[in-house]
Trainee: 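I'd like to ask you about the structure that follows.
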Amino acid sequence: MGLREEMPLLARHEGEWEGEYLHLGCDGALLDRHRVHMTCRIVGDAAYHQTNRYTWDDGRTEVHEFPAVHLGGGRCRIDTDRLEGEFREVDDSTIYLTWRYKGRPLRLFELIVLSEDGRSRSRVWQWLEDGVCVRRTLIDERRTGA
């Protein structure tokens with residue numbers, strides 16, 4: 001079974017997305033805020049690829065590529081020079097990711113919830129160091145293209 005068939009929710013995320021990241025300290029204080037333009041696509045039968053383009057108000061920009069391989073069993077694996085992890089569908093609206101930045105003692109846990117109409121999604125990250133939450137990231141996005 002191909003990735004599209006095995007992970008239909010992931011297939012519903014394909015397209016262009018725009019939104020904003022809010023990085024908060026564990027006390028709720030704003031640490032960082034920036035915009036994102038994201039491209040999500042399934043490539044062939046067994047690969048997913050995501051491109052994130054970040055822009056800050058001061059003019060800084062970053063682009064990061066996140067290729068993932070379909071492992072079967074409803075799971076995909078990401079392994080780049082910066083991070084590694086896995087994701088899977090939890091139900092018909094929620095994707096769960098667990099990942100870590102290489103060379104840093106952080107684990108991240110992310111939930112992505114797609115709206116029923118597929119036009120918006122919300123994402124929440126929890127950053128844990130030694131099992132203690134040190135940061136949270138809140139992301140709201142809207143679909144801008146297919």
Trainee: Flag the pair E141 and R123 as a salt bridge only when some basic side-chain nitrogen lies within less than 4.0 angstrom of an acidic carboxylate oxygen.
Mentor: yes

Trainee: Please check if any side-chain donor atom of S115 sits under 3.5 Å from a side-chain acceptor atom of R121, or the reverse.
Mentor: no

Trainee: Salt bridge (charged side-chain N to carboxylate O under 4.0 Å, His left out), that's the test. Do K102 and D79 meet it? Break it down for me.
Mentor: CA-CA 10 Å; K102 293 180 177 176; D79 191 353; 2.5 Å; yes

Trainee: In sequence, state the C-alpha distance, the side-chain angles, and the governing distance for L97 and I112, and then conclude on side chain to side chain contact (heavy atoms under 4.5 Å, CB included).
Mentor: CA-CA 8 Å; L97 295 88; I112 304 172; 3.6 Å; yes

Trainee: When you compare the side chain of I95 with that of H13, does any pair of heavy atoms fall below 4.5 Å?
Mentor: yes

Trainee: State, to 0.1 Å, how close A68 and C76 come at their nearest heavy-atom pair, and which atoms those are.
Mentor: CB-CB, 4.3 Å

Trainee: Less than 4.0 Å between a side-chain N and a carboxylate O, is that true for R75 and E89?
Mentor: no

Trainee: CG/L71 to CZ/R77 distance, rounded to the nearest 0.5 angstrom?
Mentor: 7.5 Å

Trainee: Measure the shortest side-chain to side-chain distance between L10 and Y48 over non-hydrogen atoms and say whether it is less than 4.5 angstrom.
Mentor: yes

Trainee: Do T137 and V124 come within less than 4.5 Å of each other through their side chains, counting heavy atoms only?
Mentor: no

Trainee: Minimum heavy-atom separation for W17 to G118, with atom names?
Mentor: CH2-O, 3.6 Å

Trainee: Between D57 and R33, is there a side-chain N and carboxylate O pair less than 4.0 Å apart?
Mentor: no

Trainee: Set out, in order, the CA-CA distance, both residues' side-chain angles and the distance that settles salt bridge (charged side-chain N to carboxylate O under 4.0 Å, His left out) for E84 and R100, then state yes or no.
Mentor: CA-CA 6 Å; E84 64 181 340; R100 68 174 190 84; 2.5 Å; yes

Trainee: Find out whether C26 and V134 are in side-chain contact, i.e. whether some heavy atom of one side chain is under 4.5 Å from a heavy atom of the other.
Mentor: no

Trainee: Relative to the ring of Y101, is the ring of W127 parallel (under 30°), tilted (30 to 60°) or perpendicular (over 60°)?
Mentor: parallel

Trainee: Are W125 and L106 connected into the same hydrophobic cluster when the rule is that any two of I, L, V, M, F, W, Y join if their side-chain heavy atoms are below 4.5 Å apart?
Mentor: yes

Trainee: What's the spacing between R88 CZ and M7 CE if we round to 0.5 Å?
Mentor: 9.5 Å

Trainee: If you count the non-hydrogen atoms of other residues, nucleotides and ligands that lie under 6.0 Å from CD in E116, is the total more than 12?
Mentor: no

Trainee: Please write out which residues are connected to L31 in a hydrophobic cluster, directly or through intermediates, given that two of Ile, Leu, Val, Met, Phe, Trp, Tyr count as joined at side-chain heavy-atom separations below 4.5 angstrom.
Mentor: none

Trainee: Measuring from H64:NE2 to M38:CE, what's the distance to the nearest 0.5 Å?
Mentor: 11.5 Å

Trainee: Is the shortest side-chain heavy-atom distance between L138 and L24 below 4.5 Å?
Mentor: yes

Trainee: Should L22 and I139 count as side-chain neighbours, where that means a heavy-atom distance under 4.5 Å?
Mentor: no

Trainee: For a quick check under 3.5 Å, do R53 and T39 share a side-chain donor-acceptor pair by atom type?
Mentor: yes

Trainee: So that I can tick it off, tell me whether D27 and R135 are bridged by a salt bridge, with the cut-off set at under 4.0 angstrom between side-chain N and carboxylate O.
Mentor: no

Trainee: Take Y21 and Y54 through the ring-ring contact (aromatic ring centres under 6.0 Å, His included) test and state the conclusion after the steps.
Mentor: CA-CA 9 Å; Y21 280 53; Y54 304 115; 5.3 Å; yes

Trainee: At what distance, to the nearest 0.5 angstrom, does CG of L9 lie from CG of L114?
Mentor: 6.0 Å

Trainee: Not counting sequence neighbours, which residues clear side-chain hydrogen bond (donor to acceptor under 3.5 Å, both in side chains) with E14? List them please.
Mentor: R4

Trainee: Please identify each residue that fulfils ring pair (Phe, Tyr, Trp, His ring centres under 6.0 Å) with F66, with sequence neighbours left out.
Mentor: none

Trainee: With sequence neighbours excluded, tell me which residues meet side-chain hydrogen bond (donor to acceptor under 3.5 Å, both in side chains) with D32.
Mentor: H34, W56

Trainee: Report the residues that fulfil side-chain hydrogen bond (donor to acceptor under 3.5 Å, both in side chains) with E129, sequence neighbours left out, ordered by chain and then residue number.
Mentor: none

Trainee: Quick check for you: to the nearest 0.5 Å, what is the distance between D45 atom CG and E6 atom CD?
Mentor: 11.5 Å

Trainee: Measuring from atom CG of L83 to atom CG of L108, what distance do you get when rounded to the nearest 0.5 angstrom?
Mentor: 8.5 Å

Trainee: I'd like to know if E16 pairs up with R143 as an ion pair, taking the criterion as any Lys NZ or Arg NE/NH1/NH2 lying under 4.0 Å from an Asp or Glu carboxylate oxygen.
Mentor: no

Trainee: With sequence neighbours excluded, tell me which residues meet salt bridge (Lys or Arg N to Asp or Glu O under 4.0 Å) with D58.
Mentor: R60

Trainee: If you apply the rule side chain to side chain contact (heavy atoms under 4.5 Å, CB included), what do you find for W99 with I78, and how did you get there?
Mentor: CA-CA 8 Å; W99 43 284; I78 297 171; over 6 Å; no

Trainee: Answer whether the closest heavy-atom distance between the side chains of E18 and R142 falls below 4.5 Å.
Mentor: yes

